[in-house]
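Beneath this line is the structure, given in structure tokens, with notes to follow.
Keep in mind that what you see is a predicted model, and the values were worked out from it rather than measured. Order of appearance sets the numbers: ligands from 1, and atoms from 1 within every ligand. Residue numbers start at 1 and run along the sequence shown.
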Amino acid sequence: MAIDTHCHLNDERYDDVNEVIASLTSNNITNGVVIGYNMETSISAMKLADENEILYSVIGFHPGNIHEIKDGDMEKLEALAVNKKVVAIGEIGLDYHYEPYDKDAQKRVFIHQLNIAKRTGLPVVIHQRDCGMDLLAILKEHYKELSGIIMHCFSESTEMAEEFIKMGCYISFAGPLTFKNSKSLPDVAKMTPKELILSETDCPYLTPHPHRGKRNEPKYVSLVVEKLAELREVTYEEMEKQIEENAKKVFFKMK
Ligand code: NI
């Protein structure tokens, strides 16, 4: 069994979403967390979670989508967050990869959504890319008041990992851990305390080895769990069980 704590089954590439969802259980996926990145995909994530018992949703504005925010959207997001199957605010954060970007606007929206998470008692799912120390600085200011922080698809250095671990952040591993050029990720996988490890696919992106090039699906999360188990020298079952416990603690606690 395995849990995919970060999937975009609400992506348009899943024109067969019902079949993909129907196949989750037979592919040993116990739960999936569907992630929004703007208002439309947050609402579609919630719809999938409402219709499917094993799915949950995460709602919010990704830093690359903040230009889509309309008047009243932040209030709407906060109102939606009370839904029983909304388990976090995300994916939110900073991304200075694609020009043009507005650092100040990204920080403002990020902090606003951190505050929504605090007020609603929900954890946050964090996206970060090429944002240097900015994200770390903001989280250092806010982490004590948040109920949980999940570093989604972690791909930073061991030094950065150490900083996040110190704040009790969950480190969520995805397909890149299975890539041959996975750089410092195997070391991060070994150094992360077991109670802070999560597994995800970030599907439809980042398909794990040996399926690279194919569309990613939640079922491939088992390849990430397998790699984690191998690196940490535990059995697949032990690794899976630990991740399930962690996911329950941070995401699936009863509202
Ligand atoms: Ni994502």
Side-chain angles (χ1 to χ4, degrees), residues 2-14 17 20-21 24 29 31-49 55-69 77 81 85-98 101 106 109-110 113-114 117 122-131 135 139 148-156 164 169-179 182 185 188 197-208 211-212 214-221 223-225 243 247 250-251:
I3 292 179
D4 186 357
T5 65
H6 192 113
C7 54
H8 297 283
L9 289 174
N10 46 352
D11 190 277
E12 58 188 17
R13 262 158 279 194
Y14 296 107
V17 64
V20 175
I21 292 170
L24 291 177
I29 301 300
N31 289 108
V33 183
V34 187
I35 313 281
Y37 47 86
N38 57 12
M39 188 53 78
E40 191 192 341
T41 54
S42 292
I43 289 170
S44 56
M46 288 179 69
K47 188 168 178 279
L48 288 175
L55 298 181
Y56 292 83
S57 66
V58 168
I59 62 173
F61 278 88
H62 183 288
N65 297 80
I66 60 171
H67 58 281
E68 299 169 24
I69 299 175
L77 194 70
K85 293 192 84 183
V86 173
V87 291
I89 300 297
E91 53 183 293
I92 62 173
L94 302 176
D95 190 327
Y96 303 162
H97 188 71
Y98 295 109
Y101 48 79
Q106 284 196 17
V109 174
F110 179 36
Q113 294 184 99
L114 290 176
L122 291 173
V124 287
V125 174
I126 303 289
H127 168 97
Q128 64 165 346
R129 193 168 186 194
D130 298 344
C131 51
L135 186 117
L139 283 185
I149 301 170
I150 296 100
M151 305 306 298
H152 134 65
C153 190
F154 194 80
S155 51
E156 302 291 322
F164 292 116
C169 301
Y170 289 81
I171 308 289
S172 187
F173 294 91
L177 181 67
T178 69
F179 298 171
S182 54
L185 276 180
V188 177
I197 292 182
L198 291 172
S199 59
E200 61 166 84
T201 59
D202 200 18
C203 66
Y205 317 102
L206 300 169
T207 313
H211 301 291
R212 280 184 90 172
K214 270 202 235 167
R215 182 185 70 176
N216 200 0
E217 285 185 30
K219 65 181 176 190
Y220 294 137
V221 77
L223 295 162
V224 177
V225 179
I243 290 169
V250 67
F251 285 123

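- Partner Val87 forms a side chain to side chain contact (heavy atoms under 4.5 Å, CB included) with one of Thr5, Val58, Val125 and no other, that one being Val58.
- A donor-acceptor pair is defined here as one N or O able to donate and one able to accept, closer than 3.5 Å; no such pair exists between the side chain of Asn31 and the backbone of Asp4.
- The only option from Val17, Leu48, Ile21 that meets the side chain to side chain contact (heavy atoms under 4.5 Å, CB included) definition with Val34 turns out to be Leu48.
- Counting only N and O atoms by type, the side chains of His8 and Asp202 include a donor and acceptor under 3.5 Å apart.
- By the criterion of a separation under 2.8 Å, the protein N/O/S atoms near the Ni ion (ligand 1) amount to His6 NE2, His8 NE2, Glu91 OE2, Asp202 OD1.
- Between the side chain of Glu68 and the backbone N or O of Asn38 there is no donor-acceptor pair closer than 3.5 Å.
- A donor-acceptor pair shorter than 3.5 Å cannot be found between the side chains of Asn10 and Thr41.
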